[in-house]
Amino acid sequence: MIGQLLDGRYKIVRVLSAGGFGETYLAEDTKLPGNPICVVKQLKPANSDPAILQIARRFFKKEAETLQKLGTHPQIPLLLADLECGGEFYLVQEYIAGHPLTDELVPDKPLLEEEVTGMLLEML
């Protein structure tokens with residue numbers, strides 16, 4: 001998908017993460033001045049059965065509606081678009097700079113209670 005233009009607008013730059021339900025990409029919005037960075041989440045249902053796709057579509061739309069209702073909050077990326085292209089489902093969201101939680105976790109090194117509390121407060 002790297003280099004692909006999604007919906008004639010969002011140019012996929014690189015993969016941010018991949019998991020069991022899809023992939024997340026860093027993208028540029030080519031329609032706005034300065035080509036601001038955004039995040040594209042692609043839902044990839046593991047099954048192409050039409051009934052499963054219908055369920056996936058419903059969950060996808062529900063997530064988009066929920067994000068839209070949440071509006072703006074400094075800890076929640078703003079929903080910019082929800083798309084369905086070629087049977088694939090995408091959410092386009094504001095990019096918030098940061099790093100993965102896994103960067104905070106070191107194998108065989110437990111966190112102090114204060115560190116865990118601090119992380120949880122930041123997330124909440």
Side-chain angles (χ1 to χ4, degrees):
M1 275 208 47
I2 307 303
Q4 183 176 337
L5 196 61
L6 182 62
D7 196 38
R9 180 174 192 154
Y10 304 104
K11 183 180 178 187
I12 305 299
V13 175
R14 69 180 169 93
V15 175
L16 288 175
S17 67
F21 294 106
E23 294 184 337
T24 304
Y25 304 96
L26 192 67
E28 296 176 348
D29 186 340
T30 63
K31 299 280 180 163
L32 290 178
N35 296 355
I37 299 296
C38 57
V39 173
V40 174
K41 293 169 64 177
Q42 178 184 24
L43 174 66
K44 289 185 166 182
N47 192 318
S48 61
D49 178 294
I52 301 296
L53 286 175
Q54 189 62 29
I55 293 168
R57 181 180 289 115
R58 189 172 67 241
F59 281 122
F60 175 81
K61 288 295 183 188
K62 187 67 174 169
E63 181 177 356
E65 289 170 9
T66 301
L67 287 169
Q68 188 66 39
K69 285 179 188 173
L70 289 172
T72 59
H73 185 281
Q75 298 289 349
I76 301 171
L78 180 66
L79 178 66
L80 303 174
D82 65 296
L83 313 166
E84 185 176 342
C85 301
E88 301 281 341
F89 308 102
Y90 302 90
L91 289 177
V92 182
Q93 294 178 277
E94 166 189 27
Y95 174 72
I96 297 176
H99 60 272
L101 179 59
T102 54
D103 289 357
E104 301 290 328
L105 308 175
V106 178
D108 299 320
K109 183 181 180 263
L111 295 171
L112 298 174
E113 181 179 340
E114 296 81 23
E115 293 173 308
V116 172
T117 303
M119 282 185 210
L120 289 172
L121 288 172
E122 282 184 43
M123 285 187 264
L124 295 173

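Because the structure is a prediction, the values reported are computed rather than measured.
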Undergrad: If two hydrophobic side chains count as joined below 4.5 Å and joins carry through other members, does Val15 share a cluster with Leu83?
TA: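 Yes, it is one cluster - the side chains of Val15 and Leu83 are joined through contacts under 4.5 Å.
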Undergrad: Contact between Gln93 and Lys41 at the side-chain level, heavy atoms closer than 4.5 Å - yes or no?
TA: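 In contact.
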Undergrad: Quick one: closest heavy-atom pair of Tyr90 and Phe60, and the distance?
TA: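 What the structure gives for the nearest pair is O-CZ, 2.7 Å.
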Undergrad: Could you see if Leu80 belongs to whatever hydrophobic cluster contains Leu6? Use Ile, Leu, Val, Met, Phe, Trp, Tyr and a side-chain cutoff under 4.5 Å.
TA: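 Yes, same cluster.
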Undergrad: With a 4.5 Å heavy-atom cut-off, do Leu111 and Leu105 have their side chains touching?
TA: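 Answer yes - side chains close enough.
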Undergrad: For residues Val92 and Ile96: do they belong to one hydrophobic cluster (side chain heavy atoms under 4.5 Å, members Ile, Leu, Val, Met, Phe, Trp, Tyr)?
TA: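 Looking at the clustering, Ile96 is in a separate group from Val92.
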Undergrad: Check Ala18 against Glu23 and note the closest heavy-atom contact, atom names and distance.
TA: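 So the minimum-distance heavy-atom pair works out to CB-CG, 3.8 Å.
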Undergrad: Which heavy-atom pair separates Thr30 from Arg9 by the least distance, and what is that distance?
TA: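 Nearest heavy atoms, Thr30 then Arg9: OG1-O, 2.6 Å.
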Undergrad: Output the distance between atom CD (Gln4) and atom CG (Asp7), rounded to the nearest 0.5 Å.
TA: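 It comes to 11.0 Å.
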Undergrad: Give, for atom OH of Tyr25 and atom NZ of Lys11, the distance between the pair rounded to the nearest 0.5 Å.
TA: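 The distance works out to 15.5 Å.
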Undergrad: Under the side chain to side chain contact (heavy atoms under 4.5 Å, CB included) criterion, do Lys62 and Glu65 qualify, and how do the steps go?
TA: CA-CA 5 Å; Lys62 187 67 174 169; Glu65 289 170 9; 4.1 Å; yes
Undergrad: Linking I/L/V/M/F/W/Y whenever their side-chain heavy atoms sit closer than 4.5 Å, directly or via other members, would Leu5 and Ile12 fall into one cluster?
TA: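 In one cluster with Leu5: Ile12, no.
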Undergrad: Are Lys61 and Glu84 close enough for a salt bridge, meaning some N to O gap below 4.0 Å?
TA: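 Here Lys61 does not pair with Glu84 in a salt bridge, since their nearest N and O are not under 4.0 Å apart.
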Undergrad: When you compare the side chain of Gln42 with that of Leu91, does any pair of heavy atoms fall below 4.5 Å?
TA: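 A side-chain contact is absent here, since even the closest heavy-atom pair is not under 4.5 Å.
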Undergrad: About how many Å separate CD1 of Ile76 and CG of Leu70, when rounded to the nearest 0.5 Å?
TA: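 If I round to the nearest 0.5 Å, the distance is 4.5 Å.
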Undergrad: Quick check: does any side chain N or O of Thr24 sit under 3.5 Å from a backbone N or O of Leu16, one acting as donor and the other as acceptor?
TA: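 No, the answer is negative, given that no donor and acceptor are paired below the 3.5 Å cut-off.
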Undergrad: Counting N and O atoms only, with roles assigned by atom type, does the side chain of Glu88 sit under 3.5 Å from a partner on the main chain of Cys85, one being a donor and the other an acceptor?
TA: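 Between the backbone of Cys85 and the side chain of Glu88 there is no qualifying donor-acceptor contact (under 3.5 Å).
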Undergrad: With a 3.5 Å distance limit and no angle check, can you tell me whether Glu94 reaches the backbone of Leu78 through a side-chain donor-acceptor pair?
TA: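 Answer holds: yes.
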Undergrad: Any chance you could lay out the side chain to side chain contact (heavy atoms under 4.5 Å, CB included) test for Tyr10 and Asp29, step after step, and finish with the verdict?
TA: CA-CA 5 Å; Tyr10 304 104; Asp29 186 340; 3.8 Å; yes
